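Working notes for the structure below.
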Amino acid sequence: MKLYNTLTRSVEELKPLNPPEVTVYTCGPTVYDYAHIGHWFTYVRWDLLVRTLKAAGYEPAWIMNITDVGHLVSDADEGEDKLEKGARREGKTAWEVAEFYTKDFLDEMKALNILEPTHITKATDHIAEQIALIQTLEEKGITYVIGDGVYYDTSKFPQYADFARLDLEEQEAGKRVDFNPQKRNVSDFALWKFSPKGQQRDMEWDSPWGVGFPGWHIECSAMSMKYLGETLDIHTGGIDHIPVHHTNEIAQSEAATGKTFSKVWLHSNHVLIEGEKISKSLGNGIRLPDIIARGYAPEVLRLHILESHYRSQSKFSWDSLEAAKNRLDRWKQAAATRWQEPNLPRTNDDISAPDFEEALTKTLADDLDTVHALQLVDKVADKALAGAVCGACLDSIVEIVEDSLGIDLTVANITEAQEQLIAEREQARADKDWKKSDELRDELLEQDIALRDTPHGPIWSRI
RNA sequence: GGCGCCUUGGCGGAGCAGUUACGCAGCGGUCUGCAAAACCGCGUAGACGGGUGCAACUCCCGUAGGUGCCUCCA
């Protein structure tokens with residue numbers, strides 16, 4: 001299996017530490033607001049990574065975190081954290097805000113048929129681990145304490161700029177934000193923040209340095225190492241995480257252990273809406289419920305997401321969502337022919353389920369080439385619609401598509417009563433009673449069964 | 001200001017130095033009670049200007065436009 005590794009900026013053969021296990025850590029959402037489709041582009045892609053690992057014979061151990069504390073509104077470590085801010089906005093406690101949006105996230109994740117990770121870990125459940133990791137860093141002399149918290153001294157980690165290929169000198173010269181003047185270096189970041197004096201936060205904990213809360217980056221280091229060990233096989237996240245969050249994770253983890261933190265880093269590119277990135281200020285954050293409200297099933301969005309490569313900057317539009325819907329409908333029509341074997345001449349020359357599975361797996365294992373994987377399904381659908389795939393083969397193929405791509409093509413058989421209607425219509429047609437045959441067709445249509453007449457007899461599909 | 005990336009037909013979106021990407025939409029034909037499908041075929045895409053090749057959408061340089069990061073962000 002080959003993947004594009006951000007660490008080396010090249011496509012590499014995956015070499016897990018302890019095969020067949022593959023450890024995967026995915027940076028999850030900060031639960032202070034609803035997820036928009038940009039999030040779902042990313043998480044569907046990592047779901048596909050895990051499915052592909054399984055198909056390739058690996059046994060993925062997949063951790064996704066939930067950031068429910070400590071994500072400050074600014075990377076300059078200024079301001080309050082997002083949960084507390086969300087709480088003030090909604091008149092709730094930070095705990096209530098986190099719970100609400102976590103549940104919403106998990107519900108939508110399920111709706112999109114994203115596999116359940118091995119563990120979903122909340123930052124607030126792992127405060128002790130985070131404190132312990134900060135202590136380790138402190139013992140190694142790479143932290144320092146200033147007025148508002150404990151900081152990581154990035155000058156003590158010479159490789160700091162390597163991962164993101166940052167030019168720290170340039171950044172310093174061109175910096176656009178003020179930063180805490182007590183910090184030793186612009187790139188230094190908070191490991192632990194003190195609760196503001198005289199202010200009661202919803203979320204705060206005792207620590208060796210004082211009451212406060214963890215910085216944003218430390219949770220991922222602490223939790224990934226707790227569940228998956230000191231060196232991960234694969235770490236995933238949004239492309240935006242490269243310069244700060246992942247850079248800081250590497251600095252924390254590798255300074256603490258002296259080992260490589262993750263062998264492979266995967267980054268999902270952003271999706272644009274009308275040529276612009278999704279952001280709060282533009283108000284273009286389309287959500288899954290918006291898509292459902294327009295009559296598109298979640299799986300349509302899922303298919304649309306798979307229509308572009310995870311490393312390319314994708315575009316979202318309602319037109320392309322409509323195209324994805326049509327494509328999916330066509331696949332389902334093809335899948336429905338599995339029940340109709342007697343009507344069709346089965347040649348079954350060139351499509352066998354094992355061959356299809358092998359081709360699909362091979363394509364996906366090539367750096368998650370979903371674009372061409374979908375093309376393989378198109379080809380099978382063509383043949384099925386032409387009646388050239390046997391019912392049992394389609395059963396297997398539908399299952400393979402479900403497992404590999406997470407797209408469910410299962411189509412229920414029609415009832416005996418419906419079958420009877422089709423038979424009656426055939427009789428009417430034989431009698432050239434076109435009025436009756438059209439009425440029967442309309443009756444079936446009301447039951448969401450569409451008919452098309454082929455040289456081999458009528459073929460139905462669900463609409 | 002610094003560092004990147006992108007620019008493909010009506011839309012989405014790939015590969016490739018010389019053979020059809022694919023999907024959606026469209027057009028013509030065969031077939032057809034009608035409808036739909038199926039089958040056959042079509043539209044002669046590659047931002048612009050140079051360059052290197054026998055040959056460039058596909059490599060190099062430049063121009064234009066767009067966009068991402070260096071704040072938050074998937």
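First the proteins, then the strands, lettered A, B, ... as listed; each starts at 1. Source: prediction; values computed, not measured.
Residue A/Gln313 is the one, among A/His241 and A/Gln313, whose nearest nucleotide of RNA chain B lies closer to the 5' end (criterion: closest heavy atom). Toward the 5' end of RNA chain B, the nearer of the two residues A/Leu374 and A/His304, judged by each one's closest nucleotide, is A/His304.
Among the nucleotides B/A21, B/G23, B/C70, the one closest to any side-chain atom of A/Arg327 is B/G23. Closest approach to the A/Asp438 side chain among B/A21, B/G23, B/G33 is made by B/G33 (side chain taken as heavy atoms from C-beta onward). When distances are taken from the side chain of A/Val371 to each of B/C22, B/G13, B/A74, the shortest belongs to B/G13. Taking every side-chain heavy atom of A/Asp378 into account, B/G23 is the closest of B/A74, B/G23, B/G12.
Proximity of A/Asn269 to the phosphate of B/G68: no side-chain N or O atom is located under 4.0 Å from OP1 or OP2.
In B/G53 the O4'-C1'-N dihedral to the base is within 90° of 0, which defines a syn nucleotide.
Between the CD1 atom of A/Ile66 and the P atom of B/A74 there is a distance of 12 Å, given to the nearest Å. A straight line from OH of A/Tyr160 to P of B/C70 spans 12 Å, rounded to a whole angstrom. Taking atom CG of residue A/Asn248 and atom C1' of nucleotide B/C70, one finds them 14 Å apart after rounding to whole Å. For the pair A/His372 NE2 and B/C22 C1', the interatomic distance rounds to 8 Å; values are reported in whole Å. Atoms CZ (A/Arg311) and P (B/G4) sit 18 Å apart, rounded to a whole Å. Between the CG atom of A/Leu376 and the P atom of B/G15 there is a distance of 15 Å, given to the nearest Å. Atom OH in A/Tyr34 sits about 19 Å away from atom C1' in B/A74, given to the nearest Å. Rounding to whole angstrom units, NZ of residue A/Lys379 and P of B/U20 are separated by 13 Å.
In this structure a side-chain-to-backbone donor-acceptor pair under 3.5 Å is present from A/Thr6 to A/Trp265. A/Asp448 contributes no side-chain N or O that, together with a main-chain N or O of A/Arg462, makes up a donor-acceptor pair within less than 3.5 Å. A donor-acceptor distance shorter than 3.5 angstrom exists from the side chain of A/Arg302 to the backbone of A/Leu405, with no hydrogens or angles considered. A donor-acceptor pair is defined here as one N or O able to donate and one able to accept, closer than 3.5 Å; such a pair exists between the side chain of A/Ser224 and the backbone of A/Ser221. A/Arg425 places no side-chain N or O within donor-acceptor distance of the main-chain N or O of A/Pro458, the cut-off being under 3.5 Å. No donor-acceptor pair under 3.5 Å is formed between the side chain of A/Gln313 and the backbone N or O of A/Val271.
The gap from the P atom of B/C69 to that of B/A74 amounts to 12 Å, rounded to the nearest Å. Distance check on atom P: B/G41 versus B/U8 gives 28 Å, rounded to whole Å. Taking atom P on both B/A21 and B/A47, the two are 16 Å apart, rounded to the nearest angstrom. Between B/C22 and B/G15, the two P atoms lie 15 Å apart (nearest whole Å). Here the separation of B/U67 from B/U52, taken at their P atoms, is 34 Å to the nearest Å. Comparing the C1' positions of B/C60 and B/C24 gives an interatomic distance of 36 Å, to the nearest angstrom. Taking atom P on both nucleotides, B/A55 is separated from B/A14 by 30 Å, rounded to a whole Å. Annotation: B/A45 and B/U58 have their P atoms spaced 14 Å apart (nearest Å).
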Completion exercise
Its contact letters, B for base, S for sugar-phosphate only and - for none at protein heavy atoms under 4.0 Å, make nucleotides 35-42 of chain B read BBSS----
Exercise for the section: Could you run through nucleotides 5-11 of chain B and give me one letter per nucleotide, 5' to 3': B if any protein heavy atom sits under 4.0 Å from the base, S if only the sugar-phosphate is that close, - if neither? Expected result: -------
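Taking the ring axis of A/Tyr4 as reference, the NZ or CZ atom of A/Arg311 stays within 45° of it and closer than 6.0 Å to the ring centre.
A/Leu409 and A/Val401 make their closest contact through CD1-CG1, 3.8 Å (heavy atoms, listed as atom of the first residue, atom of the second, distance).
Counting distance only, with no hydrogens placed and no angle test, the side-chain atoms of A/His270 and the base atoms of B/A74 include a donor-acceptor pair under 3.5 Å. The base of B/G12 lies outside donor-acceptor range of the side chain of A/Ser314, with no N or O pair under 3.5 Å.
Using a 4.0 Å heavy-atom distance criterion, A/Ser312 is classed as a sugar-phosphate-only contact. If you check every strand for non-hydrogen atoms under 4.0 Å, A/His267 touches nothing.
Atom NZ of A/Lys92 is surrounded by more than 12 heavy atoms from other residues, nucleotides or ligands within 6.0 Å.
Summarising the geometry, atom CG belonging to A/Asp81 is positioned 11.0 Å from atom OH belonging to A/Tyr32; distances are rounded to the nearest 0.5 Å.
Applying the ring-ring contact (aromatic ring centres under 6.0 Å, His included) criterion to A/Tyr227, with sequence neighbours excluded, gives A/His119, A/His126. Legend: residues meeting ring-ring contact (aromatic ring centres under 6.0 Å, His included) with A/Trp318, ordered by chain and number and at least two apart, are A/Phe316.
The aromatic rings of A/Phe41 and A/His304 sit perpendicular, their planes meeting at an angle over 60°, well past the 30° parallel limit.
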Show me the donor-acceptor pairs, under 3.5 Å and distance only, between side chains in residues 289-299 of chain A and residues at least two apart or in other chains.
| unit_1 | atom_1 | unit_2 | atom_2 | d |
| --- | --- | --- | --- | --- |
| A/Asp290 | OD2 | A/Arg287 | N | 2.8 |
| A/Tyr296 | OH | A/Glu322 | OE1 | 2.6 |
| A/Glu299 | OE2 | A/Lys332 | NZ | 2.7 |

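Listed by first residue number, the stems of RNA chain B with at least three Watson-Crick or G-U pairs below 3.5 Å are B:1-7 with B:64-70, B:10-12 with B:22-24, B:26-30 with B:38-42, B:47-51 with B:59-63.
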